[in-house]
Amino acid sequence: MFKELNVFKIAYSMATHAGKRQALVSQNIANADTPGYNAKDIKPFKEVYAQGPRAGDMIASRSNHLHGASGNGMDWAVTATRGGGDPNDNTVSIETEILKGVEVKRQHDRALAIYKSSMNVLRSSLGKN
């Protein structure tokens with residue numbers, strides 16, 4: 001039968017990505033007035049998932065395994081924006097961060113919708129409504 005259902009892994013990875021990106025957006029907004037602070041972000045989920053683990057790649061099985069890599073094998077590399085146009089050399093734009101926050105919320109809602117829909121299909125196929 002089924003050994004694993006990838007749709008659940010994808011939904012989990014998408015929700016995890018959204019959570020990590022939302023934490024960075026919040027951190028950026030909190031440091032909007034900090035002199036010399038560089039805004040941080042991670043790659044869009046589409047790019048991160050496309051680079052996911054390949055056949056034969058090592059994947060962490062515990063949080064302290066493989067230098068603390070996450071168990072889902074995704075690389076959430078944090079990047080920082082350099083060179084602020086602000087007089088105090090801060091690269092945070094509140095407007096941009098708010099737009100990122102909205103985008104992240106939509107991504108998280110989409111991940112939950114995929115998960116719920118997949119659960120409904122699974123329940124229906126098992127004859128349990």
Side-chain angles (χ1 to χ4, degrees):
M1 186 109 187
F2 296 112
K3 290 184 180 178
E4 56 185 60
L5 297 173
N6 285 334
V7 70
F8 292 110
K9 288 182 180 181
I10 293 170
Y12 171 78
S13 295
M14 185 182 279
T16 302
H17 179 272
K20 293 197 183 282
R21 192 161 186 219
Q22 186 65 41
L24 289 175
V25 168
S26 300
Q27 184 179 359
N28 289 343
I29 291 173
N31 288 293
D33 290 332
T34 304
Y37 181 81
N38 293 316
K40 297 175 185 167
D41 200 2
I42 54 178
K43 294 180 194 173
F45 178 74
K46 182 178 178 180
E47 292 177 25
V48 173
Y49 196 77
Q51 293 178 327
R54 305 287 184 244
D57 284 353
M58 294 192 310
I59 299 174
S61 58
R62 297 180 311 277
S63 62
N64 58 355
H65 184 216
L66 292 176
H67 308 293
S70 63
N72 60 7
M74 296 291 134
D75 177 22
W76 310 123
V78 176
T79 58
T81 307
R82 301 279 181 218
D86 197 275
N88 65 2
D89 200 33
N90 186 309
T91 61
V92 176
S93 167
I94 296 292
E95 294 84 6
T96 303
E97 297 304 319
I98 289 172
L99 291 175
K100 283 183 197 175
V102 170
E103 178 185 336
V104 170
K105 184 191 182 316
R106 287 181 181 159
Q107 177 184 338
H108 192 266
D109 289 347
R110 189 177 315 120
L112 292 179
I114 291 169
Y115 182 81
K116 287 178 184 177
S117 176
S118 299
M119 285 299 294
N120 288 338
V121 168
L122 191 59
R123 283 187 191 110
S124 295
S125 67
L126 294 173
K128 298 180 181 186
N129 296 331

**Study point:** Pair Ile10-Ile114, side chain to side chain contact (heavy atoms under 4.5 Å, CB included): steps then yes or no
**Key:** CA-CA 9 Å; Ile10 293 170; Ile114 291 169; 5.8 Å; no
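- At most 12 non-hydrogen atoms from other residues, nucleotides or ligands lie less than 6.0 angstrom from CG of Asp33.
- Residues meeting the salt bridge (charged side-chain N to carboxylate O under 4.0 Å, His left out) test with Asp41, sequence neighbours left out: Arg21, Lys100.
- Connection of Val25 to Ile94 is established within a shared hydrophobic cluster, with ILVMFWY side chains joined at heavy-atom distances below 4.5 Å, either directly or through further cluster members.
- Distance check: Asn28 CG to Asn38 CG gives 9.5 Å after rounding to the nearest 0.5 Å.
- How far CG of Asn31 is from CD of Glu97: 10.5 Å, rounded to the nearest 0.5 Å.
- With Ser93 as the fixed residue, the side-chain contact (heavy atoms from CB on, under 4.5 Å) test singles out one of Asn90, Thr91, Thr96: Thr96.
- His17 contributes a side-chain N or O that, together with a main-chain N or O of Lys43, makes up a donor-acceptor pair within less than 3.5 Å.
- Checking side-chain atoms of Ser125 against main-chain N and O of Leu122 turns up a donor-acceptor pair under 3.5 Å.
- The two residues Ala18 and Val104 have their closest heavy-atom pair at O-CG1, 3.1 Å.
- Hydrophobic cluster membership is shared by Val7 and Met119, with clusters built from Ile, Leu, Val, Met, Phe, Trp and Tyr side chains linked at under 4.5 angstrom.
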Exercise for review: Go through His108 and Gln22 one step at a time and tell me if the side chain to side chain donor-acceptor pair (under 3.5 Å) criterion holds.
Suggested key: CA-CA 10 Å; His108 192 266; Gln22 186 65 41; over 6 Å; no
Review point. How far apart are the C-alpha atoms of Ile29 and Val92, what are their side-chain angles, what is the distance that settles it, and do they pass the side chain to side chain contact (heavy atoms under 4.5 Å, CB included) test?
Key: CA-CA 7 Å; Ile29 291 173; Val92 176; 5.6 Å; no
Review point. Side chain to side chain donor-acceptor pair (under 3.5 Å) between Tyr37 and Asn88: does it pass, once the steps are laid out?
Key: CA-CA 9 Å; Tyr37 181 81; Asn88 65 2; over 6 Å; no
